[in-house]
Amino acid sequence: MHDIRWIRDDPEAFDAAMARRGVEPLSARVIEMDAKRREAQTEAQELQTRRNELSKRIGQLKSKGEDAQALMDEVAAGKDAQAAAEAAAKEAGDQVDELLSGIPNALDADVPDGADEDDNRELRAWGEPRQFDFDPKEHDDLGEALGLMDFERAAGMSGARFVILTGALARLERAIGDFMLDIQTQEFGYTEVSPPLLVRDHALFGTGQLPKFGDDLFKTDEGRWMIPTAEVPLTNMAAGEILDEEDLPLRYTARTPCFRSEAGASGKDTKGMIRQHQFTKVELVSIAHPDKSAEEHERMTECAEAILRRLELPYRTMVLCSGDTGFSARKTYDIEVWLPGQGRYREISSCSNCGDFQARRMKARYRPGEGQGKNKGTWFVHTLNGSGLAVGRTLIAVMENGQRKDGSIVLPQALQPYMNGREVLSPDA
RNA sequence: GGAGAGGUGGCUGAGUGGUCGAAAGCGGCGGUCUUGAAAACCGUUGAGGGUUCAUAGCCCUCCGGGGGUUCGAAUCCCUCCCUCUCCGCCA
């Protein structure tokens, strides 16, 4: 959500910022509706002032036992005009809110312009893709050959885009999540959270999935939504709060299932477990001081990259271009892991700085501490979220990168303690 | 699911139709005292919005959300959400 005062004060800058997103100029409409709102509001307030004065005098007269009928008649006479002004103000205000709530965040200055993911820019890469002396397979072929990954029976009970992992592969998924949580909590200072997986409308409004992207989500028949990412509950930890400045940043992590309808992805990634309706992810969220959010963004991205290095998985880090950056983000880094079976890099983490965009929507603020002089009051925090990492896709990467010609899989050393010391997944196990 | 009790400022908690944005305490901030600190004492301290060059004044709103009654609502009514207690069910 944007600060209406910014749009009012600098409509050209606002329209220019939206143009980078391919959004038509909206400032004129917003300003017009807002002017209408303020005009009606001012009128209603003036009438209210008068009414308050009269009511007070009525009370005084009545307490003295005098007649107040003339004043009461005067109040009654002004009622319709005030009601009309209030209704006009509310209607215009609702229109402003509706329009504003569907406008994406403004992009950071150093986000490159571009149309789609082809215009994303590589910032750095780590690790050399391994050379195979055989044709590396994709994870689903490997998993099915091991007898530990079953798409057919999953489809039978749940439909397309679900998978059943069994035995050592199920264990591996758990191990990967445990490993990630241990690193993020013990080494990088994130507080582990076990959040609700079902949330209300307003929580999703706060993070920006609603009102525009409800089609991407699953909804229960009593009106709750299944979370598409733990970003939703973790960021909403700060919703409605007025935090102390000294408590920032708050850093939360959670491993949760994520549920996505993938409504717009039909035909895309239909094979394997790259794109599922349900997947596990370790999420990182920071509630940060506005002056520190850019720094926190770099830190968070590093926290995600560190996982890949320890798992010996080659990756590259991209900054998303204007056309590929999500609704709530002002700047996003994607981390892409090398998948030998596919022969390309695939997204495994997305780390975004949302600035105050989500904070405004969910009223997450902090109170500046001492030394702030006249800048009293409250300020919106900045919110950041990132995958640290997507567990399902990490499982895929471990399988494809660790595979041997016989279909067995060598596990990264870092995971072996989480697998009872096991070094290899092979068909006989 | 059934029955009941509640939701008040950063926190605890008074207030049942007018002078209540709201007592008191805690916390915070400023000061006195002190070599310094603590204690004690004094003062101060909510949020959002409109108007405005103004983070000066003035005004409006906010006592869980929304709606209603009334000249006037934190106080009365309706509704939704949430919390707690007892019963039932249950991982």
Side-chain angles (χ1 to χ4, degrees), chain A residues 1-10 30-31 33-98 100 194 196-206 210 220-225 233 236-248 250 257 287 290 356 359-381:
Chain A
M1 195 84 110
H2 291 290
D3 184 356
I4 184 87
R5 275 170 294 200
W6 175 49
I7 303 175
R8 242 158 34 197
D9 292 347
D10 201 347
V30 173
I31 288 170
M33 278 190 276
D34 181 55
K36 207 185 286 177
R37 188 198 110 239
R38 285 187 294 152
E39 189 185 340
Q41 184 178 335
T42 302
E43 187 190 343
Q45 286 182 0
E46 282 166 359
L47 292 166
Q48 182 67 46
T49 305
R50 178 70 184 146
R51 187 167 154 187
N52 288 345
E53 285 167 4
L54 292 170
S55 290
K56 201 168 210 171
R57 280 162 55 196
I58 291 169
Q60 288 165 350
L61 286 177
K62 286 203 165 184
S63 69
K64 284 186 278 182
E66 296 175 22
D67 176 51
Q69 193 55 46
L71 294 177
M72 286 167 71
D73 290 346
E74 193 178 340
V75 171
K79 252 188 168 176
D80 287 348
Q82 186 179 342
E86 281 170 357
K90 184 176 189 320
E91 196 194 334
D94 287 348
Q95 283 176 3
V96 172
D97 287 345
E98 194 186 330
L100 239 43
S194 177
L197 306 180
L198 297 177
V199 296
R200 293 177 189 285
D201 294 355
H202 69 258
L204 287 155
F205 180 87
L210 291 180
T220 67
D221 61 9
E222 36 79 79
R224 283 180 243 262
W225 305 81
N236 272 282
M237 298 266 286
E241 297 285 319
I242 299 177
L243 302 161
D244 287 334
E245 183 174 33
E246 64 211 42
D247 293 335
L248 302 176
L250 297 174
I287 310 298
D356 63 4
R360 281 181 192 283
R361 294 170 85 93
M362 65 175 70
K363 296 185 174 55
R365 294 163 291 174
Y366 73 94
R367 195 184 300 282
E370 30 189 328
Q372 298 292 319
K374 289 187 171 182
N375 287 333
K376 282 272 187 176
T378 59
W379 293 76
F380 288 108
V381 297

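A, B, ... follow the sequence lines: proteins, then strands. Residue 1 opens every chain.
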Taking only the side-chain heavy atoms of A:Ser55 (C-beta and beyond), determine which of B:rG72, B:rC60, B:rU51 contains the nearest atom. B:rG72

B:rC33 and B:rU16, which share atom name P, separated by this distance in whole Å: 44 Å

Contact class for A:Arg365 vs. all strands (heavy atom < 4.0 Å): base, sugar-phosphate, or nothing? sugar-phosphate

Could you tell me how far B:rG31 sits from B:rA38 if I compare only their P atoms? Round to whole Å. 12 Å

Compare the minimum distances between each of B:rG50, B:rA47, B:rC71 and the side chain of A:Arg38, then state the nucleotide with the smallest one. B:rG50

Go through the steps for A:Gln60 and A:Lys56 under the test side chain to side chain contact (heavy atoms under 4.5 Å, CB included), then give the verdict. CA-CA 6 Å; A:Gln60 288 165 350; A:Lys56 201 168 210 171; 4.3 Å; yes

Using a cut-off of 4.0 Å on non-hydrogen atoms, how would the nucleic acid contact of A:Asp244 be classed: base, sugar-phosphate, or nothing? nothing

Report yes if at least one side-chain N or O of A:Arg5 is closer than 4.0 Å to OP1 or OP2 of B:rG49; otherwise report no. yes

Proximity to the side chain of A:Gln48 - top-ranked nucleotide from B:rG50, B:rU61, B:rC59: B:rU61

Could you tell me whether A:Arg50 contacts a base, only the sugar-phosphate backbone, or nothing, with contacts defined as non-hydrogen atoms closer than 4.0 Å? nothing

Heavy atoms only, 4.0 Å cut-off, all strands: where does A:Leu54 land among base, sugar-phosphate and nothing? nothing

For A:Glu86 and A:Ala44 the tightest heavy-atom approach is CG-CB, 3.8 Å

NA contact type, A:Arg8, heavy-atom cut-off 4.0 Å: base, sugar-phosphate, or nothing? sugar-phosphate

Salt bridge present between A:Lys36 and A:Glu39 (N-O < 4.0 angstrom): no

Check every strand shown and say whether A:Lys363 touches a base, only sugar-phosphate, or nothing at a heavy-atom separation below 4.0 Å. nothing

Select base, sugar-phosphate, or nothing to describe what A:Lys56 touches, counting heavy atoms under 4.0 Å on all strands. nothing

